[in-house]
Chemist: 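This is the structure, below, for whatever I ask next.
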There are 2 protein chains.
Amino acid sequence: MLELRHLRTLTALHETGSVSRAAKRVHLTQSALSHQIKALQVHYGLPIIQRRGQSIELTEAGKRLVSLSGKVLEEIQTAERDLARISQQTSGSLRIALECHTCFDWLMPIMDAFRQHWPEVELDLVSGFHSDPIKLLEEGGADVVIGSERERRRGIVHHPLFRFEILAVLAPEHALRGKRILQAADFTDVTLITYPVPEERIDLIRKVLKPAGIHPQRRTAELTIAILQLVASQRGIAALPSWGIKSYVDHDYVVARRIGASGLWSDLYASTLKETASRPYLRDFLITARNACFATLEGIVPLA
Amino acid sequence: MLELRHLRTLTALHETGSVSRAAKRVHLTQSALSHQIKALQVHYGLPIIQRRGQSIELTEAGKRLVSLSGKVLEEIQTAERDLARISQQTSGSLRIALECHTCFDWLMPIMDAFRQHWPEVELDLVSGFHSDPIKLLEEGGADVVIGSERERRRGIVHHPLFRFEILAVLAPEHALRGKRILQAADFTDVTLITYPVPEERIDLIRKVLKPAGIHPQRRTAELTIAILQLVASQRGIAALPSWGIKSYVDHDYVVARRIGASGLWSDLYASTLKETASRPYLRDFLITARNACFATLEGIVPLA
DNA sequence: TATTATTAATGAATATTATTCATAGGTATG
DNA sequence: CATACCTATGAATAATATTCATTAATAATA
């Protein structure tokens, strides 16, 4: 018999186009999903997915179920928001401090949706840079910090968002374009174009260049698009999340290269005080954020 | 985590107003439902139901979930109809033969809904009386017979619908009104008002009066309301399903009395040929019919 | 008012079912 | 042609839902 678990699987399947990726998304094994799919197909006497070589494709029946799933899961979320409202603790503030510049891109639409769902909650972005953002939480200057730290600290909870890859971005005519993978040494004589944040905040420098003793020149820009313009016009190399540059790469405005053999990856967490973590609107924010990210950002991977 | 099973339980709970009755409806034990409810309440940190003496009441949270359930289950049914259409076998005929006169009352709205959901299926009522309605199926004169027989016959499947009680209906001033329960002997000198069908088709006669050797006078009428008019004007007693007369009893137009200590009950089945039974639109018809009946008719009980 | 019949809640035992593990076979890629 | 992916599958295991047995509470009945 059909259960919500199946619907959740279906959407994951639809969004990832692969059983194993979908499995990661719903925190199960590939085998579990395979069995689920099998059961559904037997139950309805219809194929739900179809192997397309390496990946899979949803059949007509599968797509119909995905559309069902979309509606149903959304209705459930709305209902659960109402339940949260019934149980009170529904008003409060959600001031978000962003450690990661590019996160603006995906955060905006989520914030818009959130404002609609939780009109009673005061939603804000905390601007400016903060050397110790976690301290902000403790001092009450913010309610959530979105960043990549996961330092264990009592009273603080780090909610995993996702893992993403940071790629080097070069002009299509750049001398290094021939290399499939860039190593630390390749950055010796280049100018690095970054957001205007301290060095410790830039993963490429902290995790790759500094350990290798390399200190390239830096030039900063506020906006992602500005950074890409500088890159395209040969002023230097940038290191940006794969999902932030996809459309530019697809249009050959710039090219992207992996950094190091297994790539440079970064994990994103939403950190809150323990007490904030239990607030229903915060939980809803996290669920929505994760869903939206997995639905829109390509190439990201779920975290434990 | 919320699953469809919980939603199905919730609606049953809502429609029956009792955990044990709801349990029967979804073919589980009372204990199972009690555990489900507990789990939900823990999960949402909210009470879902509230004891009101003997029976229960849904809390605000519970009602919200019921409304969710309604929407969701309906969407699922629509989706499953679409799946059936995808898998073909979607057209055909559904000619219904009615053994039970009163069934018109609940069947009509169901047929209307069915026509909308399955425009390709030819839907009809087979009129007239048939001494052996099952024969109709075998001869291809009908696709479903709704009646109370459950004679085992190869190639025929009997799908249980529900069990209902047949009550004696009297005028409020009738001499027998003082008795809580009527026995066979009470019918000795009364006129029985029935639909114009053979005696073998009238449960009261077949199961109660004939075994007791009592043969009361009969007078017939085509419509339920006509029968009730005759009863109200003291022309005799009728025996009708409890759900068919409820509103008349509530308005004191007539009074209803149980027949025999444990009541006179009748089971309703929808019988089809084995091959017809597997058609998706037939399955959908059965599910819809059962749901609609349990939602509208009071005092009916699920069958195995 | 005592008695009986119902009804719901609960903990422990059981049955069922989902999930994982281990593995095999298929398909791209270099 | 080897390697790295992917999916499918049967058996073993883990998880969980359900039942069983019992208690407490409430309503109906004598």
Side-chain angles (χ1 to χ4, degrees), chain A residues 1-10 12-43 46-59 62 165 178-181 258 261-263 299 301-302 304, chain B residues 1-10 12-43 46-59 62 165 178-181 258 261-263 299 301-302 304:
Chain A
M1 179 141 255
L2 186 71
E3 282 295 350
L4 289 179
R5 147 172 40 97
H6 298 121
L7 296 186
R8 295 188 242 269
T9 298
L10 258 311
L13 231 33
H14 173 243
E15 283 173 3
T16 59
S18 133
V19 178
S20 14
R21 277 198 298 274
K24 283 212 187 69
R25 179 81 55 88
V26 295
H27 300 295
L28 290 173
T29 60
Q30 170 269 126
S31 177
L33 289 220
S34 200
H35 283 295
Q36 280 193 8
I37 298 165
K38 180 90 188 277
L40 275 184
Q41 305 196 126
V42 170
H43 181 244
L46 277 169
I48 304 287
I49 62 172
Q50 212 177 336
R51 294 201 56 160
R52 291 285 285 182
Q54 199 68 270
S55 60
I56 56 150
E57 207 182 39
L58 288 162
T59 62
E165 184 170 8
K179 303 198 70 173
R180 180 149 249 107
I181 292 171
R258 170 159 285 192
S262 51
V301 174
Chain B
M1 180 142 256
L2 187 71
E3 282 294 350
L4 290 179
R5 145 172 43 97
H6 299 120
L7 296 186
R8 294 189 243 267
T9 298
L10 258 310
L13 231 33
H14 173 243
E15 284 173 3
T16 61
S18 134
V19 179
S20 14
R21 277 198 297 274
K24 282 212 189 73
R25 179 83 55 88
V26 296
H27 301 294
L28 289 173
T29 60
Q30 169 268 125
S31 177
L33 290 220
S34 200
H35 283 295
Q36 280 193 8
I37 297 165
K38 180 90 188 276
L40 275 184
Q41 305 196 128
V42 170
H43 181 243
L46 276 169
I48 305 286
I49 63 173
Q50 211 176 338
R51 292 203 58 161
R52 290 285 284 182
Q54 197 71 268
S55 61
I56 57 150
E57 208 182 39
L58 288 162
T59 62
E165 185 170 8
K179 302 198 69 170
R180 182 153 247 104
I181 293 171
R258 170 160 285 192
S262 51
V301 174

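Just so you know, these numbers come straight off a predicted model, no measurement behind them.
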Chemist: What is the separation between atom NE2 on H6(B) and atom P on dA17(D), rounded to the nearest whole Å?
Modeler: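 Answer to the nearest Å: 6 Å.
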Chemist: Identify the heavy atoms of P302(A) and H27(A) that sit nearest to each other, and give their distance.
Modeler: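 Heavy atoms of P302(A) and H27(A) come nearest at CB-CE1, 4.2 Å.
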Chemist: What closest approach, in Å, do R8(B) and L2(A) show between heavy atoms, and which atom pair accounts for it?
Modeler: NH2-O, 2.9 Å
Chemist: Could you grab the distance from atom CD of Q36(A) to atom CG of L13(A), nearest 0.5 Å is fine?
Modeler: 9.5 Å
Chemist: Of all nucleotides in DNA chain C that come within under 4.0 Å of a heavy atom of chain B, which is furthest toward the 5' end and which toward the 3' end?
Modeler: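 So the outermost contacting nucleotides come out as dT6(C) to dA12(C).
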Chemist: Looking only at non-hydrogen atoms, find the nearest pair between I49(A) and Q41(A) and report the distance.
Modeler: N-OE1, 3.3 Å
Chemist: Looking only at non-hydrogen atoms, find the nearest pair between V26(A) and A12(A) and report the distance.
Modeler: CG1-CB, 3.9 Å
Chemist: For residues G17(A) and S55(A), report the shortest heavy-atom separation together with the two atoms involved.
Modeler: O-CB, 3.3 Å
Chemist: Main chain of R5(A), side chain of T9(A): is a donor-acceptor contact present, judged purely on distance under 3.5 Å?
Modeler: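 Confirmed, T9(A) side chain pairs with R5(A) backbone.
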Chemist: Salt-bridge test for R51(A) and E57(A): reply yes if a basic N is under 4.0 Å from a carboxylate O, no otherwise.
Modeler: no
Chemist: Quick check: any donor-acceptor pair below 3.5 Å linking the side-chain of S20(A) to the base of dC6(D)?
Modeler: no
Chemist: If you take all heavy atoms of M1(B) and H6(B), which pair is closest and at what distance?
Modeler: O-CE1, 3.6 Å
Chemist: Please list residues of residues 32-41 of chain A whose heavy atoms come under 4.0 Å from any atom in DNA chain D, ordered by number; otherwise none.
Modeler: S34(A), H35(A), K38(A)
Chemist: In chain order, what residues pass the salt bridge (Lys or Arg N to Asp or Glu O under 4.0 Å) check against R21(A), with sequence neighbours excluded?
Modeler: none
Chemist: Nearest to the side chain of Q30(A), which nucleotide is it out of dT7(D), dT18(D), dC6(D)?
Modeler: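 Minimum distance to the Q30(A) side chain belongs to dT7(D).
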Chemist: Measure the angle between the two terminal helix axes of the helix from dT1(C)-dA30(D) to dG30(C)-dC1(D), five base pairs each, and quote it to 10°.
Modeler: 30°
Chemist: Do E3(A) side-chain atoms and L4(B) backbone N/O form a donor-acceptor pair below 3.5 Å?
Modeler: yes
Chemist: Between dT16(D) atom P and L4(A) atom CG, what is the distance in whole Å?
Modeler: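 Going from L4(A) (CG) to dT16(D) (P), I get 16 Å.
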Chemist: Who are the salt bridge (Lys or Arg N to Asp or Glu O under 4.0 Å) partners of K38(B), not counting sequence neighbours?
Modeler: none
Chemist: Which is true for S18(A) with a 4.0 Å heavy-atom rule: it touches a base, it touches only sugar-phosphate, or it touches nothing?
Modeler: sugar-phosphate
Chemist: Both S31(B) and T29(A) contact DNA chain C. Taking the nearest nucleotide for each, which residue is further toward the 5' end?
Modeler: S31(B)
Chemist: Tabulate atom names and distances for all N/O pairs under 3.5 angstrom spanning the protein and nucleotides 26-30 of chain D.
Modeler:
unit_1	atom_1	unit_2	atom_2	d
dA27(D)	O4'	Q54(B)	NE2	3.2

Chemist: Compute whether any side-chain donor of one residue and acceptor of the other, for T59(B) and Q50(B), lie under 3.5 angstrom apart.
Modeler: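 Checked: T59(B)/Q50(B) side chains show no N/O donor-acceptor pair below 3.5 Å.
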